[in-house]
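See structure below.
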2 protein chains.
Amino acid sequence: MARSSEELDFLRTYDPGSFERPSVAVDVVLLTVRDGAMWTLLYQRTEHPDRGRYALPGGFVGIEESLEDAVARQLKAKAAVEGVFVEQLYTFGAPDRDPRMRIIAAAHYALVPAAVFDGATGLQGRVRVPWEGEVGGPVEVLDGDGDPYPLAFDHADMLGLAVQRIRGKLSYVPIAFELLPASFTLLEARRVYEAIWGRDLNKDSFRKTLLGSGLIEATGERQSGVGHRPAALYRRWEA
Amino acid sequence: MARSSEELDFLRTYDPGSFERPSVAVDVVLLTVRDGAMWTLLYQRTEHPDRGRYALPGGFVGIEESLEDAVARQLKAKAAVEGVFVEQLYTFGAPDRDPRMRIIAAAHYALVPAAVFDGATGLQGRVRVPWEGEVGGPVEVLDGDGDPYPLAFDHADMLGLAVQRIRGKLSYVPIAFELLPASFTLLEARRVYEAIWGRDLNKDSFRKTLLGSGLIEATGERQSGVGHRPAALYRRWEA
DNA sequence: TGTCTTATATGCAAGATGGATATATCTAGT
DNA sequence: ACTAGATATATCCATCTTGCATATAAGACA
């Protein structure tokens with residue numbers, strides 16, 4: 001957009017003023033599906049506030065850094081994960097959400113295949129969703145013994161909203177492929193849907209619907225060494 | 001959440017540091033449906049930058065103010081509208097989206113019935129959506145002569161994203177009622193859907209679907225003085 | 001009283017969905 | 001070599017939803 005020289009003069013001499021500004025952070029719900037459940041990545045806080053509690057990967061946004069870049073930087077630094085699917089979730093702005101100071105957090109979610117998740121650094125926790133459908137609400141993250149990790153700040157809300165959003169989007173946006181390897185069977189695809197929605201799906205209807213959707217195409221390959229009839233492998237159909 | 005005395009000590013002596021922080025603003029896409037189209041409210045900018053161009057209502061978020069409160073304050077101050085349906089849309093954080101300084105904008109949308117919209121202060125513009133379905137992209141706002149208002153900053157993107165979001169949500173979240181008066185006919189309801197989706201709907205299917213959805217109930221009243229058989233009036237069904 | 005306009009009711013075809021049944025094909029084990 | 005076990009794949013059918021057509025109803029107005 002062309003600006004007039006008068007406007008450029010204004011901008012050259014603009015004084016932003018000294019009113020108090022909030023800090024802005026990003027937090028990332030990194031999700032995968034494995035063993036019939038959703039999993040996420042947490043980090044135990046070593047500093048106050050909420051020391052000892054478990055937090056999502058996140059941190060402050062640089063003054064010249066986009067939100068997306070901040071998310072990518074955090075994912076790389078904390079989780080050692082790069083180049084994954086990320087979408088903005090919601091911006092949490094309650095004045096008292098951090099006891100230190102005003103911090104506005106732009107929460108995001110990232111979806112990765114289980115293999116990428118396994119290679120990430122951090123504490124893996126199984127996500128337990130205590131509500132059905134798209135009701136929403138906080139969710140718990142369970143450790144290996146089935147005990148919930150105490151979560152820091154409003155991160156239980158962020159997780160819950162991420163699950164709610166993904167449950168809703170799954171019906172009409174092909175985000176399930178972000179959670180699957182490059183080639184997959186119909187059973188694997190169905191398991192992803194079942195894990196996210198928390199309920200079983202009709203096998204044949206799922207097959208018919210997905211095959212008829214035009215979203216996937218057969219690779220021509222099949223499984224091998226699976227102890228039963230091998231399933232055909234499919235890949236995401238790229239327009 | 002109970003905090004240890006040690007943690008409280010930490011917070012008492014916490015130094016937030018002096019790193020540079022962005023400004024945070026809210027912008028609001030105020031939408032209604034009238035005369036078979038979506039309308040929104042704009043304000044011509046009287047100051048640089050983008051002086052003379054047209055902007056959505058919005059402004060900075062107070063340091064102790066929630067995002068929702070900031071939106072309500074802006075709507076009341078700029079549009080003289082209170083107590084309406086508001087949801088968060090998306091947070092726009094590109095470093096160069098405002099030439100003055102780093103401003104991160106949490107965009108929201110508000111849905112109001114036409115009668116509320118008519119009572120609002122500001123420039124009313126008809127929204128023209130140059131894409132079908134949920135493709136997305138910027139939209140135009142037309143003045144009375146059908147000429148587009150030149151929009152400030154990234155506000156065309158905000159408008160476009162609002163339309164895209166509402167088109168998508170309309171299918172499975174009963175947000176249409178926010179755009180209708182307390183009691184309405186099936187024709188009025190259908191016009192809202194048609195205006196948002198930008199396409200005609202089958203009259204009988206719409207009737208059957210909406211009546212069968214359980215979302216509305218008959219008031220027992222009918223129209224009068226409409227020059228044809230009066231339609232039954234319905235209201236939103238409150239669980 | 002007739003005409004115009006929209007509302008409302010009913011029926012039907014096409015398609016989507018859920019579910020049952022039958023058959024196919026692989027591995028592991030005897 | 002054969003069998004058991006497991007899952008894949010194909011076909012069929014009942015049900016539900018949706019789009020569309022047809023028929024009738026009810027008010028305003030000339």
Side-chain angles (χ1 to χ4, degrees), chain A residues 33 35-36 132-134 167-168 170-174 176 180-181 183-235 237, chain B residues 33 35-36 132-134 167-168 170-174 176 180-181 183-235 237:
Chain A
V33 168
D35 307 328
E132 292 182 3
E134 295 170 41
R167 278 191 177 178
L170 191 59
S171 314
Y172 61 99
V173 183
L180 286 164
S183 83
F184 51 86
T185 67
L186 290 173
L187 177 58
E188 289 169 336
R190 181 159 53 91
R191 293 284 182 245
V192 165
Y193 280 79
E194 289 176 337
I196 291 175
W197 281 333
R199 62 185 178 88
D200 288 350
L201 296 176
N202 182 276
K203 177 179 138 176
D204 302 280
S205 296
F206 183 84
R207 158 182 291 271
K208 270 182 289 191
T209 304
L210 190 53
L211 284 178
S213 70
L215 291 174
I216 63 173
E217 60 180 354
T219 65
E221 312 270 307
R222 329 186 116 262
Q223 288 179 308
S224 69
V226 287
H228 55 78
R229 174 174 176 176
L233 290 172
Y234 296 86
R235 70 170 75 92
W237 189 81
Chain B
V33 168
D35 306 328
E132 292 181 3
E134 295 170 42
R167 278 191 177 177
L170 191 58
S171 314
Y172 62 99
V173 183
L180 287 165
S183 83
F184 51 86
T185 67
L186 289 173
L187 177 58
E188 289 169 336
R190 180 159 54 91
R191 293 284 182 244
V192 166
Y193 280 79
E194 289 175 337
I196 292 176
W197 280 332
R199 63 185 179 88
D200 289 349
L201 295 176
N202 182 275
K203 179 179 138 176
D204 302 278
S205 296
F206 183 83
R207 158 181 291 270
K208 271 183 288 193
T209 305
L210 189 53
L211 284 178
S213 71
L215 290 174
I216 63 174
E217 61 180 354
T219 64
E221 312 271 306
R222 329 186 114 262
Q223 287 179 308
S224 69
V226 287
H228 54 78
R229 173 173 178 177
L233 291 172
Y234 296 86
R235 71 169 74 92
W237 189 81

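Chain identifiers are assigned alphabetically (A, B, ...) following the order of the sequence lines, protein sequences preceding nucleic acid strands; residue numbering begins at 1 within each chain. Worth knowing before you read on, the calculation uses all heavy atoms, side chains too, and leaves out hydrogens, waters and symmetry mates.
We find that NE2 of B/His228 is positioned 11 Å from P of D/dC29, with the value rounded to whole Å. Regarding A/Phe184, its CZ atom lies at a distance of 14 Å from the P atom of D/dA8, rounded to whole Å. Between the P atom of D/dA26 and the CG atom of B/Leu233 lies a distance of 17 Å, rounded to the nearest Å. Whole-Å rounding puts the A/Gln223 CD to D/dT9 C1' distance at 13 Å. Protein atom CG of A/Leu186 is 20 Å distant from nucleotide atom P of C/dA24, rounded to whole Å.
Listed by residue number, A/Lys203, A/Asp204, A/Arg207, A/Lys208 are the residues of residues 194-217 of chain A with a heavy-atom contact under 4.0 Å to DNA chain D.
Between the side chain of B/Arg167 and the backbone N or O of B/Ile196 there is at least one donor-acceptor pair closer than 3.5 Å. Distance alone, capped at 3.5 Å, places no donor-acceptor pair between the B/Glu217 side chain and the B/Trp237 backbone.
One finds the CG atom of A/Leu187 at 8.0 Å from the CD atom of A/Glu194 (value rounded to the nearest 0.5 Å). For the atom pair CD (B/Glu221) and CZ (B/Arg235), the distance works out to 8.5 Å, reported to the nearest 0.5 Å. One finds the CZ atom of A/Arg222 at 11.5 Å from the OG1 atom of A/Thr185 (value rounded to the nearest 0.5 Å).
Taking 4.0 Å as the cut-off between side-chain N and carboxylate O, B/Glu188 and B/Arg191 do not count as a salt-bridged pair.
Counting distance only, with no hydrogens placed and no angle test, the side-chain atoms of B/Arg229 and the base atoms of C/dA7 include a donor-acceptor pair under 3.5 Å.
Comparing B/Tyr234 and B/Gly227 by the nucleotide of DNA chain C that holds the closest heavy atom to each, the one mapping nearer the 5' end is B/Gly227.
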